[in-house]
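In the text below, chain A, chain B and the rest are named by the order of the sequence lines, each starting its count at 1. Side-chain atoms are counted along with the backbone in the values below, which use heavy atoms only and exclude waters and symmetry mates.
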Amino acid sequence: MRIATFNINGVVKRLGNLLDWLAEAKPDVVCLQELKAADPDFPAAALAAAGYGAVWRGQRTWNGVAILARDAEPILTREALPGDGDDRQPRYIEAAVNGVLVASLYAPNGNPQPGPKFDYKLAWMARLHAHAEELIAAGVPVVLAGDYNVTPEPRDVYPTRSYDDNALNQPEPRAAYARLLAQGWTDALRSLNPEEEQLYTFWDYRRNRWERNGGMRLDHLLLSPAAAERLEEAGVDREVRGRENASDHAPVWVRFAEA
DNA sequence: ATGTCGAGCAAAGCTCGA
């Protein structure tokens, strides 16, 4: 079983890119972020024709998350992150697929920092921490996949000073990410590549950062213990980032042993 | 400070977010 996460940066604009990658990679489950589409505009019919059932929560212009399942319908278990009933930004969706509980999340970017957007980022991470605590206590296989908008460590940023003030690389969000791991989650990609420096998943459109490999590692799959014990392989489909009309993120995926 | 990209608004370029 393979589960992937992909910040698509506009699911309508990049539907062709998505369908091409689905046909090649054939992931069993896909967590999408930054749909940037209202719910009625989500391309459910095209994805169904490609063999994928879907649940999604969208919004015009910004945010939006979805979970796709190959030859299956994801069973929706949650459509928002608990802890703030006034938060209307679609950044979290959760579903059961083939015995695994899967969440697709899009953490706030938080720039510029300091400021209200950074405060919202930290508050959102605290809400994620509280919910993740409940999920891990359930003892079932859980995958928290998405764009965390955090580089876990300095080595997850290419060697540069130009990102020093970026919200993604500050001590507070890194500490929030570390607190998640301390609950018992496994950072799948890092756990299988403990020494690798260049595990980037995002390259900004500006300043030729793709061509220069000026990337960051922002997209993570966190595994509960019951999921981690089945982990066999993890990777980044880097070449997808170099294609025509590409998202600024590449897909990241894990492969599990069959239960 | 800059860069790129896309969408929205509104009718073409600006503004905003990332």
Separation of atom [atom1] in [X] from atom [atom2] in [N], rounded to whole Å:
{"X": "Ile8(A)", "N": "dA7(B)", "atom1": "CD1", "atom2": "C1'", "value": "17 Å"}
{"X": "Arg209(A)", "N": "dG3(B)", "atom1": "CZ", "atom2": "C1'", "value": "8 Å"}
{"X": "Asn109(A)", "N": "dC5(B)", "atom1": "CG", "atom2": "P", "value": "18 Å"}
{"X": "Arg14(A)", "N": "dC5(B)", "atom1": "CZ", "atom2": "C1'", "value": "8 Å"}
{"X": "Tyr163(A)", "N": "dA1(B)", "atom1": "OH", "atom2": "C1'", "value": "15 Å"}
{"X": "Asn149(A)", "N": "dG17(B)", "atom1": "CG", "atom2": "P", "value": "15 Å"}
{"X": "Glu34(A)", "N": "dA7(B)", "atom1": "CD", "atom2": "P", "value": "12 Å"}
{"X": "Lys13(A)", "N": "dG6(B)", "atom1": "NZ", "atom2": "C1'", "value": "7 Å"}

Nearest-Å distance once atom P is located in both dA10(B) and dC16(B):
14 Å

Rounded distance in Å between the P positions of dA1(B) and dA12(B)
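The same atom, P, in both gives a distance of 33 Å.
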
If you find the nucleotide of DNA chain B closest to Asp248(A) and the one closest to Asp204(A), which residue's nucleotide is nearer the 5' end?
Asp204(A)

From the options [options], select the nucleotide whose nearest atom is closest to the side chain of [X].
{"X": "Arg60(A)", "options": "dC9(B), dG3(B), dG6(B)", "value": "dC9(B)"}
{"X": "Tyr205(A)", "options": "dT4(B), dA18(B), dA7(B)", "value": "dT4(B)"}
{"X": "Trp62(A)", "options": "dA18(B), dG17(B), dG8(B)", "value": "dG17(B)"}

Determine the interplanar angle of the Phe202(A) and His249(A) rings, folded into 0 to 90°, and report it as parallel if under 30°, tilted if 30 to 60°, perpendicular if over 60°.
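Phe202(A) vs His249(A) ring planes: tilted.
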
Assign Asn166(A) to base, sugar-phosphate, or nothing according to its heavy-atom contacts below 4.0 angstrom with the strands shown.
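If one applies the 4.0 Å heavy-atom cut-off, Asn166(A) turns out to touch nothing in the nucleic acid.
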
Quick check on Asp165(A): does its CG atom have over 12 non-hydrogen neighbours (other residues, nucleotides or ligands) under 6.0 Å away?
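Not more than 12 within 6.0 Å, no.
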
Indicate whether OP1 or OP2 belonging to [N] is found under 4.0 Å from a side-chain N or O atom of [X].
{"X": "Arg206(A)", "N": "dA18(B)", "result": "no"}
{"X": "Thr61(A)", "N": "dG8(B)", "result": "yes"}
{"X": "Lys117(A)", "N": "dG17(B)", "result": "yes"}
{"X": "Asn245(A)", "N": "dG6(B)", "result": "yes"}

So, are Asp20(A) and Arg243(A) salt-bridged, with charged N and O less than 4.0 Å apart?
no

Flag this pair as yes if the NZ/CZ of Arg209(A) is under 6.0 angstrom from the six-membered ring centre of Tyr163(A) and inside a 45 degree cone about the axis; otherwise no.
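Positive - Arg209(A) is close enough to the ring of Tyr163(A) and near enough to its axis.
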
Could you tell me whether the side chains of Tyr205(A) and Asn9(A) share a donor-acceptor contact shorter than 3.5 Å?
yes

